[in-house]
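Quick note on labels: first sequence line is chain A, next is B, and so on, each numbered from 1. Since the structure is predicted, the reported quantities are computational estimates derived from the model, not experimental observations.
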Number of protein chains: 2
Amino acid sequence: MFDESHLRSNHMATQPTIRFAAIGLNHFHIYGQTNLLLRAGAELVKFYAPEPDLVALYAKDYPQAQLASSEAEILEDESIHLVISAAIPSERAPLGIRAMQHGKDYMSDKPGFTTLEQMAEVRRVQKETGRIYSIDYSERLETKASTKAAELVQSGAIGRVIQMVGLGPHRPRLHQRPPWFFKREKYGGILCDIASHQMDQFLFYTGTKQAEIVHAQVANYAHPEHPELEDFGDLVVRGEGCTGYIRVDWFTPDGLATWGDGRTILLGTEGYIELRKYIDIAGRPGTNHLFLVDKEKTEYIDCSDADLPYGRNLIHDIIHRTETAMPQEHCFYASELALKAQQLATRLGNLA
Amino acid sequence: MFDESHLRSNHMATQPTIRFAAIGLNHFHIYGQTNLLLRAGAELVKFYAPEPDLVALYAKDYPQAQLASSEAEILEDESIHLVISAAIPSERAPLGIRAMQHGKDYMSDKPGFTTLEQMAEVRRVQKETGRIYSIDYSERLETKASTKAAELVQSGAIGRVIQMVGLGPHRPRLHQRPPWFFKREKYGGILCDIASHQMDQFLFYTGTKQAEIVHAQVANYAHPEHPELEDFGDLVVRGEGCTGYIRVDWFTPDGLATWGDGRTILLGTEGYIELRKYIDIAGRPGTNHLFLVDKEKTEYIDCSDADLPYGRNLIHDIIHRTETAMPQEHCFYASELALKAQQLATRLGNLA
């Protein structure tokens with residue numbers, strides 16, 4: 001299915017690269033997905049979305065991309081290797097299935113699924129077609145502090161990771177949100193939507209292959225005017241010799257200089273790491289702050305030199321049919337656990 | 001039962017004060033308990049402990065205190081209003097009961113109980129005698145950042161508090177610990193022992209009067225040589241329109257400049273507060289760091305001027321039979337929830 005004649009040479013790295021197209025621009029994360037591929041040398045060739053306003057914005061940023069007349073035009077273009085999407089969440093898995101069935105690899109914004117049924121179908125088609133169904137868990141894959149934390153954990157800097165706390169507060173910007181943002185069926189619930197990020201991190205940093213959800217709850221505490229909005233959620237996940245606590249919310253106040261004070265705290269048997277990914281409140285400027293406390297010292301580590309290999313590795317995987325960017329099962333399992341938590345969650349506040 | 005002829009005038013504040021005695025010096029927290037009362041003008045008159053080494057240490061710091069020949073000598077001394085104790089945890093409630101039955105008020109180090117049965121008996125005797133059974137939840141009552149946070153929350157600075165994350169890591173210092181530290185029956189389990197602090201904070205900052213434990217687990221992850229030591233524990237508590245996550249552990253690494261990187265994060269509908277109570281890792285020097293993010297700003301607040309009213313208020317309560325330091329029911333309920341979590345907790349790692 002993979003026609004090597006379409007591989008393009010990346011003039012920067014003089015390595016073969018791939019051609020990709022975007023379908024579905026409903027979340028602005030599509031810009032992050034596009035940019036990480038361009039940065040790694042991939043070639044953006046086409047895009048499609050049914051919304052003229054979203055098309056116009058994307059076209060302005062990427063004049064090199066040709067507006068396709070339909071989704072089908074992209075899916076049937078045999079020169080395209082990868083389809084990326086930040087469509088309305090509930091439409092991402094069906095699109096991914098169509099892409100894989102047309103021989104394309106696929107990279108979705110998170111969440112990559114909104115129901116366990118979608119996930120089962122994606123798993124089936126992925127296995128059948130041998131295509132890649134990747135999810136851009138950007139809070140790890142595209143933050144340099146996360147890469148640095150991975151190096152430290154892998155080097156044994158904090159011993160064995162026994163627990164992770166992941167806090168994912170988000171700015172609501174409700175007046176700027178499209179209607180689908182407020183429809184439970186469309187976005188899948190807050191644990192599905194946001195917590196798959198932290199679940200990806202939990203599986204990645206602890207290395208556990210099996211885990212269960214032992215607690216989950218979601219709430220609408222302060223938005224009765226949006227009855228399907230879940231403005232808070234948390235969960236406890238238990239893996240092999242490790243546990244995790246994940247909390248997500250839509251309460252970032254306007255006085256914060258960025259969209260959210262995302263934190264990851266990795267507790268090891270020999271030390272701990274705290275990531276302040278997007279801001280160090282009333283502290284150091286910039287992003288990607290890593291704090292390491294081990295047996296000898298307490299240290300701030302500047303992560304500005306850290307690598308962001310996801311795009312490069314995904315291109316490698318597409319060309320060589322490997323799993324270096326992220327094992328396929330890891331990609332699925334992180335989302336599966338988030339979906340299970342969502343399904344199990346006790347409903348509080350205005351949801352009760 | 002309260003003989004006013006024994007009230008002493010506090011020469012600093014020219015207000016009447018009280019006479020107190022210490023029984024049980026097994027945890028060094030007794031020094032904090034003693035000092036907070038002395039600072040507020042109370043008079044330390046006697047002390048007793050069966051261990052000569054602990055007696056010698058205490059005598060050196062407090063030459064004004066007379067070593068009693070027995071516990072009974074203190075309990076039968078009608079001039080003493082308050083007994084304080086940091087005895088072995090499992091002995092604190094029985095001592096408190098004896099103290100109350102002798103007409104004394106009582107202040108225990110935390111944990112103030114090691115079983116729900118002890119608590120039921122203390123509740124009964126407290127009601128019967130009308131004495132005060134206070135617990136020095138020092139991670140709130142004796143940290144200035146907590147006082148400042150209370151002022152901010154009460155002023156509505158972050159709206160309604162909907163969630164609290166409380167992290168209570170502790171340095172193990174296992175080679176310096178007495179045998180009782182390793183006996184589950186003596187210390188009561190890690191959620192009982194440490195998490196009552198965070199539970200006190202949860203009840204205090206959210207204002208909830210009813211709560212339930214919806215998740216709890218304890219582990220021995222890294223100390224198989226101490227089979228009854230719980231080196232990790234966490235829980236989720238759900239109150240009225242609010243929830244809390246509490247994590248405690250004995251994994252503070254030696255490279256940290258203090259005993260533990262205690263954090264409290266209060267998430268409100270209009271902002272959030274983070275307390276870094278004992279250290280701001282690789283950040284500002286000193287203790288009691290408060291960070292406020294609200295609708296207008298992100299702010300660091302110096303808490304060095306904040307009040308620590310617990311001792312002063314407790315003396316007031318002893319003299320005037322009020323509940324200004326801490327409502328009696330709050331004191332009990334925080335511990336009750338911690339004990340319930342301990343009882344419900346799934347046992348992991350080397351405990352499984």
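Under the side chain to side chain contact (heavy atoms under 4.5 Å, CB included) criterion, Ala341(A) pairs with Leu191(A), Ile213(A), Ala216(A), Leu235(A), sequence neighbours left out. Every ring-ring contact (aromatic ring centres under 6.0 Å, His included) that Tyr221(A) has, sequence neighbours left out, goes to Phe232(A).
Per-residue heavy-atom pair counts under 4.5 Å with chain A were compared for Glu270(B), Gln217(B), Glu299(B), and the maximum is reached by Gln217(B). Note on Ala219(A), Pro169(A), Cys242(A): by heavy-atom pairs under 4.5 Å with chain B, the leading option is Cys242(A). The residue among Thr243(B), Asp261(B), Asp234(B) with the most heavy atom pairs within less than 4.5 Å of chain A is Thr243(B). Listed options Thr269(B), Val214(B), Leu267(B) were ranked by heavy-atom pairs under 4.5 angstrom with chain A; first place goes to Leu267(B). Options Gly268(A), Ala257(A), Gly241(A) differ in how many heavy-atom pairs under 4.5 Å they form with chain B, and the most are formed by Gly241(A).
Relative to the ring axis of Phe182(B), Arg177(B) does not place its NZ or CZ within 45° and under 6.0 Å from the centre. No cation-pi contact links Arg247(A) to Tyr245(B), judged by a cut-off of 6.0 Å to the six-membered ring centre and 45° from its axis.
For residues 339-352 of chain B, the pairs satisfying salt bridge (charged side-chain N to carboxylate O under 4.0 Å, His left out) are Glu230(B)-Arg347(B), Glu336(B)-Lys340(B), with sequence neighbours left out.
Heavy-atom distances place both the backbone and the side chain of Leu256(A) under 4.5 Å from chain B. Residue contact with chain B, scored on non-hydrogen atoms closer than 4.5 Å, is absent for Thr252(A). Looking at Leu292(B), neither its backbone nor its side chain comes within 4.5 Å of chain A, counting heavy atoms on both sides. In this structure, the portion of Val236(B) lying under 4.5 Å from any heavy atom of chain A is its side chain and not its backbone. In this structure, chain A has a heavy atom under 4.5 Å from the side chain of Asp249(B), while its backbone stays farther away.
Separation of atoms CG (Leu339(B)) and OG (Ser196(B)) is listed at 8.0 Å; rounding is to 0.5 Å.
By the 4.0 Å N-to-carboxylate-O rule, Lys295(B) lies too far from Asp254(A) to be salt-bridged with it. A salt bridge links Glu274(A) with Arg263(A): the distance from a Lys NZ or Arg NE/NH1/NH2 to an Asp or Glu carboxylate oxygen falls below 4.0 Å.
Between His223(A) and Phe251(A), a ring centre-to-centre spacing shorter than 6.0 Å is recorded. Taking the six-membered ring for Trp and the full ring otherwise, the centers of Trp259(A) and Tyr278(A) sit less than 6.0 Å from each other.
Taking a 6.0 Å sphere around NZ of Lys144(A), one finds it holds more than 12 heavy atoms contributed by other residues, nucleotides or ligands.
Residue-level contacts of residues 150-164 of chain B with chain A, in order of numbering, are Arg160(B), Ile162(B), Gln163(B); threshold 4.5 Å between heavy atoms.
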